[in-house]
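For reference, the structure discussed in these notes is given below.
Fair warning: this is a prediction, and the values are worked out from it, not measured in the lab.
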Amino acid sequence: MIKLPVDDQDEVEFSRWIMRLFDRSSDIDEALTPLLDPQDGSRLCRDDERIEHYPVSGYASGQLAVASGCIASLKQMMVRESETRVDMLASPFGAYTLIRNSLDAAVVALWLLEPVNGTLRIKRRIMLGVDEISNTAAFRVAMGQPSPKQKRRARMQEVAILAGLGSWNPLSKSAKLPSTTQMLTEIERWHPNAVMPWLAAWQLASGHAHGKLWAHLASHELQEVGGTRTETGAHFRMTIRYGMLTAVLFEAVQLLETAGKRYIELSSRQ
């Protein structure tokens, strides 16, 4: 990786913003820790009592841990701290992938927790369970291993009945888990102080995760390499732009904060 000095004052200021966003992510972890186990009488506690072996709180807190953990990993990748200075260095590759993973997990947590009705939260937890079974089965098939998919799917029907969901069938087409795009569109109404829609931030980060050229061109700085220009083009050196990274990370942290606040609200005794 080529290391280039940052002499653009705007980029220096954006690097400071990135450090503040890392601190905000850590603050969410601290606020969540005492309420990971829902308080007696809280709405999440009542949800979990209805679906004991597939707790809503357990799945949501797991997704929040993934979301915050990806941001913490990004900090470890980018920041070098000593007693006298803090250095920040980022490759054009990798940073956006971690942000994409954080967005993926945080949107699932918020989508799971956002309903006012506890029965709908429980239905969504079961839908996520069915999706987990399908993904596990696909992996086992790819590995040439047997899969107890049908047995486990039947178990989810039993869970729905035990949770008092009546005739609702978690295996029906109408109960299919929404795509990430659909979830992000649905929960955009929770979005405060938007720099860009959460869906747009996820699309850009996903483009990076899949190595798409359009995402690199939209995000990075291109510097022409001297002496390489021909009639058909030139070679360019690509470096990360902290300004764009800040915007996408800001949205990931906002989504994590919104999901975390919703968890705290539901996990606290009213």
Q: In sequence, state the C-alpha distance, the side-chain angles, and the governing distance for Tyr59 and Val108, and then conclude on side chain to side chain contact (heavy atoms under 4.5 Å, CB included).
A: CA-CA 9 Å; Tyr59 201 94; Val108 170; 3.9 Å; yes

(Q) Test of understanding: with side-chain contact (heavy atoms from CB on, under 4.5 Å), list the residues that count as partners of Lys261, not counting sequence neighbours. (A) none

Okay, side chain of [X], backbone of [Y]: is any donor-acceptor separation there less than 3.5 Å?
X	Y	result
Arg153	Ser134	no
Thr228	His235	yes
Ser61	Gly58	yes
Arg100	Ser206	no
Ser102	Ala67	yes
Glu251	Pro197	no
Glu11	Arg241	no
Arg80	Asp87	no
Thr246	Tyr242	yes
Tyr96	Val248	no

Q: Carefully, step by step, assess Val107 and Leu110 under the rule side chain to side chain contact (heavy atoms under 4.5 Å, CB included).
A: CA-CA 5 Å; Val107 68; Leu110 183 54; 5.8 Å; no

Can you confirm whether the side chains of [X] and [Y] place a donor and an acceptor under 3.5 Å from each other?
X	Y	answer
Ser219	His208	yes
Glu257	Gln254	no
Arg43	Ser267	no
Tyr54	Glu132	no
Thr232	Thr230	yes

Nearest 0.5 Å, please: how far is [atom2] in [Y] from [atom1] in [X]?
X	Y	atom1	atom2	answer
Ile264	Gln39	CD1	CD	10.5 Å
His220	Arg237	NE2	CZ	14.5 Å
Leu32	Asp27	CG	CG	11.0 Å
Trp168	Met127	CH2	CE	6.0 Å
Gln157	Leu162	CD	CG	12.0 Å

Q. Would you say Arg155 has more than 12 foreign heavy atoms packed within less than 6.0 Å of its CZ?
A. yes

(Q) Using a 6.0 Å cut-off, check whether atom CG of Asn117 has over 12 heavy atoms from anything other than its own residue. (A) yes

Q: Evaluate the criterion side chain to side chain donor-acceptor pair (under 3.5 Å) for residue pair Thr119 and Arg50; output intermediate values, then yes/no.
A: CA-CA 9 Å; Thr119 293; Arg50 290 178 59 186; 3.0 Å; yes

Nearest heavy-atom pair of [X] and [Y]: which atoms, and what distance?
X	Y	result
Ala209	Thr97	CA-OG1, 3.5 Å
Leu256	Ser25	CD2-OG, 3.6 Å
Ala137	Lys149	CB-CD, 3.7 Å
Leu98	Ser73	CD1-C, 4.1 Å

Q: Output all residues satisfying salt bridge (Lys or Arg N to Asp or Glu O under 4.0 Å) with Arg140, sequence neighbours left out; order by chain, then residue number.
A: none

Q | Criterion side chain to side chain donor-acceptor pair (under 3.5 Å) on Ser179 and Thr181, from CA distance to verdict | A | CA-CA 5 Å; Ser179 66; Thr181 295; 4.6 Å; no

(Q) Closer than 4.0 angstrom, basic N to acidic O: yes or no for Glu49 and Arg46? (A) no

Q: Identify whether the distance between the nearest side-chain nitrogen and carboxylate oxygen of Arg189 and Glu114 falls below 4.0 Å.
A: yes

Q: Begin from the C-alpha positions of Arg121 and Leu266 and carry the test side chain to side chain contact (heavy atoms under 4.5 Å, CB included) through to its verdict.
A: CA-CA 11 Å; Arg121 291 193 295 269; Leu266 294 176; 3.9 Å; yes

Q. According to a 4.5 Å side-chain heavy-atom criterion applied to Ile, Leu, Val, Met, Phe, Trp and Tyr, with indirect links allowed, do Phe250 and Met77 form part of one hydrophobic cluster?
A. yes

Q. Quick one: do Leu103 and Val66 end up in the same hydrophobic cluster if we chain Ile, Leu, Val, Met, Phe, Trp and Tyr together by side-chain heavy atoms under 4.5 Å apart?
A. no

Q.
Taking the cut-offs as 6.0 angstrom to the six-membered ring centre and 45 degrees off its axis, would you call Arg262 and Trp190 a cation-pi pair?
A. no

Q: With sequence neighbours excluded, tell me which residues meet ring-ring contact (aromatic ring centres under 6.0 Å, His included) with Trp198.
A: His191

**Q.** Partner of Ser57 by side-chain contact (heavy atoms from CB on, under 4.5 Å), out of Asp37, Asp47, Leu112, Asp48
**A.** Asp48

**Q.** Worked check of side chain to side chain contact (heavy atoms under 4.5 Å, CB included) between Phe236 and Gln223
**A.** CA-CA 5 Å; Phe236 289 84; Gln223 299 173 325; 5.9 Å; no

